Amino acid sequence: MNIDQALATYKNPRTQALLNAFKMRFPNEKEVYIAHAPGRVNLIGEHIDYNGYGVMPMAVNREIEVCFVPNDTSKVEIYDTFKENPYREFHISGNIEPFEMGDWGNYIKAPCQALFRWTEKRFEDKIPLKGFKGVLVGDIPPAAGLSSSSAIVVCIGCVIDFVNNLNIEKSELADLMARGEMYVGTMGGGMDQSASLFGHTQGPLRIMFKPIRVEQIEMPKGYSFIIANSMRKAKKSGQARFNFNNRSITCKLGLVIFKNLIKEDYPDATLAPSLRRMQKIVGWENMPKYFDKIPKSGLTLEEIAYLSSLSESDIREKYLKLNETEYLPIPSEGFKIYDRLAHVFREAKRVSATKKAMLVGDMEAVARYMDESHASCRDLYEISCPELERLISCLKNAGTMGSRLTGAGWGGCTVSLVKSEDAERIIEEVWKTYYVDYASKADDLLPVPSYENKERVIFACLPAEGAGIR
Ligand code: NG1
C-alpha cells in the first residue's frame, strides 16, 4: 500500500507514529507493508509448556507493528521506535552471529536464522532469503511477562515469510518461532509464539504442544481480565535467564529421575521426551507411587546422580550445559525437584479444569483455580517476589474474583478475573493502594506514570486477533 494511503487508513496513534517514523528513515520508499503481532497474557498454566503440557493464554490488544519494504538482498535494516533501541543491520543466513547478550537485535536475528534453516531444507531455490528495511513500534510493556519479545520474533517471522513468499502454515510457523527464539538463550516452551499467532477476538486459547493444536475458547459475557504491572522488571537476560533456565533444567532432571524409578514397570516411558509424555504412559493414578520416592529437600548433584543412575559428569554435560562455554550454576539450596514437579503436575490439571469451568460458564471456579495457581507459583515454583505479593493482595482487597502472576515471574504483571461492571472501580482502587501509596515511593522499581497514563500499567485487556500482515 502507498504510505500516504496507509496514513489515511490506519488512524490509531501508534500506527500513525510508525508510518511517520518509516517515512523519515526511508524517504524514498513509497509502497509499504505492515506486519503486526500481539502480546499475550497467560491466564493459567505457568511454566508447564516446556514440560509438554497445555496452557491457556489470551492474545491481548497490545502489539508490535513493523512497517517494511522488501530488500533485493539478504540485508535486514531495522529501526526501533518502541524502546528507543539503536539501529541494527545484518545479513540473513543459517548461522547468524548474535549481537551481544541482551541486545534487542537478537530478537530480529532469531526468526531470520530459523526461517533460513527451514527454507534451506525445503526450497533451495528460495535461498538466499530476502531481507527488508523496516521500522518497529509497540505498546506491550517490555519485561513484564506479556511476551513483548516473542511478539517481536513472531512479527519478524511474518515479515520474512511474506517477503520471501514462503506461505508457512501457522502451526509450523509457531513451532519454528518457538525453537527459533532459543537463539537468545532461554529454554521456553512455545506458548507465547502460538498465542501471538493464533489469537482470536472472542477470548482465550487452549494450546497443546507437539504437535501444536489450538482451540479457541469463548469467554462467557460479563467478565473481564485486568492486567496490572508490579513495576519490578522481569528481564529474561542476566540472572533472570539463569533463574528461568534453572526451572526448566530442574524439570528435566526430575524427568530423568522419574524414568529411573519407573523403568522396570514402564520400559516404554524411558524414551518419553517430556514429563507429560511420561505421565501419559504411567497414568495419573499410578504417579504417586513413584513421585513419593523423590526426596522433598533440595538435591545435590551427587544425590541426583544416585537417583537417576547417571554419573555426575553425564548430568553436567547433558543437562546443565547452556552453550559452548556456560553451565547452569548449581543452586545453593540444591535442585528442588519434588516441589517443582508437584507444581507442574497440579498446574497441568488446573488448566484442564479451568477450560471445563469456562465452557460451562462457572467463572467462580475459574477464579479459584487462578488463585490456586498463584499460590503454587509462589510456594512450590518460587517465582513470585514481594512486589507481586503486595499487588495481588491490593487486587484481591479491591474485589477481584481471582488474581495471579502471569508469565515467567520474578516481577512483571499479574492477571485478575473480574466482573466487567467492577473493572473500572477496581482499577481506580488499585491505582491508589499499589501505585500511588507503594510503587511510586519505592526507589528500585520502574517509574510510575501519571494518572492520565495509568493504562500503561493497569488496564482491562481485550482478546485480540493473531499476528499477520495487515
Ligand atoms: P514470558 O512471560 O514471556 O517470560 C516465558 C516463556 C514461556 C513460558 C512462560 C512461563 C519464552 C519465550 N517464554 O514467558 O514459554 O514458559 O515463561 O509460563 O521463553
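For clarity, every value in this text was computed on a predicted model and none was experimentally measured. Counting starts at 1 for both ligands and their atoms, in listed order.
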Within ligand 1, which atoms have a heavy atom of Y50 less than 4.0 Å away?
16 (O)

Could K170 and F198 be counted as a cation-pi pair, given that NZ or CZ must be under 6.0 Å from the ring centre and within 45° of the axis?
yes

Ligand 1 atoms in contact with R40 (distance to a heavy atom under 4.0 Å):
1 (P), 2 (O), 3 (O), 14 (O)

R247 to ligand 1, any heavy atom closer than 4.0 Å
no

Would you list the atom pairs, donor with acceptor, under 3.5 Å between side chains in residues 248-260 and any protein atom, with sequence neighbours excluded?
unit_1: T250; atom_1: OG1; unit_2: N246; atom_2: O; d: 2.6
unit_1: T250; atom_1: OG1; unit_2: N246; atom_2: OD1; d: 3.4
unit_1: K259; atom_1: NZ; unit_2: T270; atom_2: O; d: 3.4
unit_1: K259; atom_1: NZ; unit_2: A272; atom_2: O; d: 2.5
unit_1: N260; atom_1: OD1; unit_2: K263; atom_2: NZ; d: 2.6
unit_1: N260; atom_1: OD1; unit_2: S309; atom_2: OG; d: 3.4
unit_1: N260; atom_1: ND2; unit_2: L307; atom_2: O; d: 2.8
unit_1: N260; atom_1: ND2; unit_2: S309; atom_2: OG; d: 2.9

If you measure every N or O of Q193 against every N or O of ligand 1, does any of those distances drop under 3.5 Å?
no

Can you name the atoms of ligand 1, numbered from 1 with element, that are less than 4.0 Å from a heavy atom of D49?
7 (C), 8 (C), 15 (O), 16 (O)

Using a strict 4.0 Å cut-off to heavy atoms of M191, name the atoms of ligand 1 that fall inside it.
8 (C), 9 (C), 18 (O)

Which of the atoms in ligand 1, numbered in the order shown and given with their element, are less than 4.0 Å from a heavy-atom of G145?
2 (O)

Below 4.0 angstrom from a heavy atom of E46, which ligand 1 atoms are there? Numbered from 1 as shown, please.
10 (C), 18 (O)

Closest to atom 14 (O) of ligand 1 among D192, V41, I44 (heavy-atom distance)
D192

Going by distance only, is there an N or O of N42 that falls short of 3.5 Å from an N or O of ligand 1?
no

Contact check: S147 vs ligand 1, nitrogen or oxygen atoms, below 3.5 angstrom
yes

Lys/Arg cation over aromatic Y438: R390, 6.0 Å, 45° cone
yes

ring-ring contact (aromatic ring centres under 6.0 Å, His included) between F132 and Y33, worked out:
CA-CA 11 Å; F132 64 94; Y33 301 92; over 10 Å; no

Quick one: does I48 get an N or O within less than 3.5 Å of an N or O on ligand 1?
no

Within 45° cone and under 6.0 Å: R340 NZ/CZ vs F335 ring:
no

What atoms in ligand 1 come closer than 4.0 Å to a heavy atom of A408?
1 (P), 2 (O), 4 (O), 17 (O)

Quick one: list whatever passes ring-ring contact (aromatic ring centres under 6.0 Å, His included) with Y435, sequence neighbours left out.
W431

When Y53, Y381, F345 are each screened for ring-ring contact (aromatic ring centres under 6.0 Å, His included) with H47, the one that passes is Y381

Establish, for the pair R88 and F99, whether the NZ or CZ atom is under 6.0 angstrom from the six-membered ring centre and no further than 45 degrees off its axis.
yes

Numbering as shown, the atoms of ligand 1 that approach H47 to under 4.0 Å (heavy-atom distance):
10 (C), 18 (O)

Taking 4.0 Å as the limit for heavy-atom contacts, which would you say applies to S150 with ligand 1: side chain only, backbone only, both, or neither?
side chain

Are R470 and E63 ion-paired here, with the side-chain N under 4.0 Å from a carboxylate O?
yes

Out of the candidates S147, S149, S148, only one should pair with D192 under the side-chain hydrogen bond (donor to acceptor under 3.5 Å, both in side chains) rule; please name it.
S147

Does any N/O atom on F244 come nearer than 3.5 Å to any N/O atom on ligand 1?
no

